[in-house]
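Notes follow the structure.
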Amino acid sequence: MSGDAPFVSRTPYVAEHPAALALYCSDGRFTEPVEELLRHVGHARLDTLTVPGGPGLLNPLTASYGDLDSTKRGASFLIEAHAIRDVFLIAHAGCGYYKKKLGATKTAEQIVVVQRKDLEVAAAALERAHPMLRAHMYFARLADGRVAFDAVG
């Protein structure tokens, strides 16, 4: 289709970086609900760091060293280069990353406990590394065919 005209978005480009970063699982079923959550709390635009397992990759007890290092470096780059002030750490029920990693030894309820602990570990690590940062933690779950976000902590 090389002769086709390029697609041009209707959304205008804004040169200023957003003040918020959302770090969450790359499960695309949660992309639009996460963006809606951030608009709801006052952030019309956001930077994103989406990786399987999301904030769990900032806990050395959950993530491999390579995943931990890569996620930490990526988050730190965005926070520093884009002057991020708010980070939204979001885990979700039924996460495939956690099922694969822990499903053989833990129940679904036990996995949720691990995910919530990982949110706290990630928030503490990011706030320690970036003292001006405010971390907000949420656990996403299905509720009547929609995604509900429960504040954690």
Side-chain angles (χ1 to χ4, degrees), residues 9-102 108-153:
S9 73
R10 287 181 273 159
T11 305
Y13 175 79
V14 178
E16 296 81 26
H17 291 290
L21 167 66
L23 171 53
Y24 62 103
C25 184
S26 56
D27 185 330
R29 298 172 296 176
F30 293 90
T31 301
E32 289 184 39
V34 167
E35 291 175 3
E36 187 178 347
L37 168 68
L38 266 74
R39 284 191 301 274
H40 173 75
V41 298
H43 293 281
R45 297 170 47 246
L46 62 145
D47 277 357
T48 62
L49 182 56
T50 58
V51 290
L57 299 187
L58 290 174
N59 184 347
L61 297 178
T62 299
S64 68
Y65 175 77
D67 289 343
L68 173 71
D69 182 59
S70 178
T71 305
K72 187 187 307 183
R73 284 187 297 110
S76 290
F77 170 80
L78 291 170
I79 292 164
E80 293 167 8
H82 297 178
I84 298 293
R85 292 293 164 243
D86 289 286
V87 63
F88 291 81
L89 305 169
I90 304 162
H92 71 88
C95 180
Y97 174 87
Y98 282 90
K99 281 183 185 177
K100 182 173 182 175
K101 188 149 187 110
L102 303 173
E109 294 79 18
Q110 290 170 323
I111 290 173
V112 169
V113 170
V114 171
Q115 288 177 281
R116 288 176 175 262
K117 179 63 176 172
D118 286 353
L119 287 170
E120 294 171 359
V121 169
L126 289 173
E127 287 177 335
R128 190 171 43 255
H130 308 280
M132 298 301 290
L133 189 69
R134 291 179 306 262
H136 310 272
M137 301 174 288
Y138 289 90
F139 188 81
R141 59 181 172 76
L142 293 181
D144 298 323
R146 303 205 185 265
V147 178
F149 293 92
D150 299 318
V152 175

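One is the number of the first residue; the rest follow in order along the sequence. Source: prediction; values computed, not measured.
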To the nearest 0.5 Å, what is the distance between [atom1] ([X]) and [atom2] ([Y])?
| X | Y | atom1 | atom2 | result |
| --- | --- | --- | --- | --- |
| I111 | D118 | CD1 | CG | 11.5 Å |
| R134 | R85 | CZ | CZ | 8.5 Å |
| D86 | I79 | CG | CD1 | 10.5 Å |
| S64 | K101 | OG | NZ | 6.0 Å |
| L57 | L23 | CG | CG | 7.5 Å |
| Y24 | L38 | OH | CG | 9.0 Å |

Discussion item. Going by the rule ring pair (Phe, Tyr, Trp, His ring centres under 6.0 Å), which residues pair with F30 if we only count those two or more places apart in sequence or in a different chain?
Written reply: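 If we apply the ring pair (Phe, Tyr, Trp, His ring centres under 6.0 Å) test to F30, skipping adjacent residues, the hits are H92.
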Discussion item. Holding to ring pair (Phe, Tyr, Trp, His ring centres under 6.0 Å), I want the full list of residues that pass it with F88, two or more places apart in sequence or in another chain.
Written reply: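 With sequence neighbours excluded, F88 shows a ring pair (Phe, Tyr, Trp, His ring centres under 6.0 Å) to H43, H136, given in chain and number order.
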Locate the shortest heavy-atom distance separating [X] from [Y]; write the atom from each residue and the value.
| X | Y | value |
| --- | --- | --- |
| V121 | L58 | CG1-O, 4.0 Å |
| A148 | A143 | CB-CB, 3.9 Å |
| E127 | A135 | OE2-N, 2.9 Å |
| M137 | A123 | SD-CB, 3.8 Å |
| G74 | L49 | C-CD2, 4.1 Å |
| P60 | L68 | CB-CD2, 3.9 Å |

Practice prompt. Quick one: do E120 and R116 satisfy side chain to side chain contact (heavy atoms under 4.5 Å, CB included)? Show the steps, please.
Written response: CA-CA 7 Å; E120 294 171 359; R116 288 176 175 262; 5.5 Å; no
Discussion item. Within a 6.0 Å radius of atom CZ on R29, are there more than 12 heavy atoms belonging to other residues, nucleotides or ligands?
Written reply: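 No, because the 6.0 Å sphere around CZ of R29 holds 12 heavy atoms or fewer from other groups.
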Worksheet item: For atom CD of E80, is the number of surrounding heavy atoms from other residues, nucleotides or ligands below 6.0 Å larger than 12?
Response: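 Buried by this count: over 12 neighbours within 6.0 Å.
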Practice prompt. Would you sort out whether Y98 and T62 count as a side chain to side chain contact (heavy atoms under 4.5 Å, CB included), showing the intermediate values?
Written response: CA-CA 9 Å; Y98 282 90; T62 299; 4.0 Å; yes
Worksheet item: Considering only heavy atoms from C-beta outward, does the side chain of I90 approach that of L37 to under 4.5 Å?
Response: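 Of all side-chain heavy-atom pairs linking L37 with I90, at least one is under 4.5 Å.
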Discussion item. Do S26 and Y97 make a side-chain contact, defined as non-hydrogen atoms from C-beta onward lying under 4.5 Å apart?
Written reply: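 No - every pair of side-chain heavy atoms lies 4.5 Å or more apart.
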Worksheet item: In terms of the angle between their ring planes, are H82 and H17 parallel, tilted or perpendicular, with boundaries placed at 30° and 60°?
Response: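 The arrangement is parallel - the two ring planes meet at less than 30°.
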Worksheet entry | R45 (side chain) donor-acceptor with E16 (main chain) under 3.5 angstrom |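 Indeed, once roles are kept as given, a pair shorter than 3.5 Å links the two residues.
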Worksheet entry | Expected output: side-chain T71 to main-chain D67 donor-acceptor under 3.5 Å |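 Yes; at least one donor-acceptor contact below 3.5 Å.
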Worksheet item: Could you go step by step and tell me if L119 and Y138 meet the side chain to side chain contact (heavy atoms under 4.5 Å, CB included) rule?
Response: CA-CA 8 Å; L119 287 170; Y138 289 90; over 6 Å; no
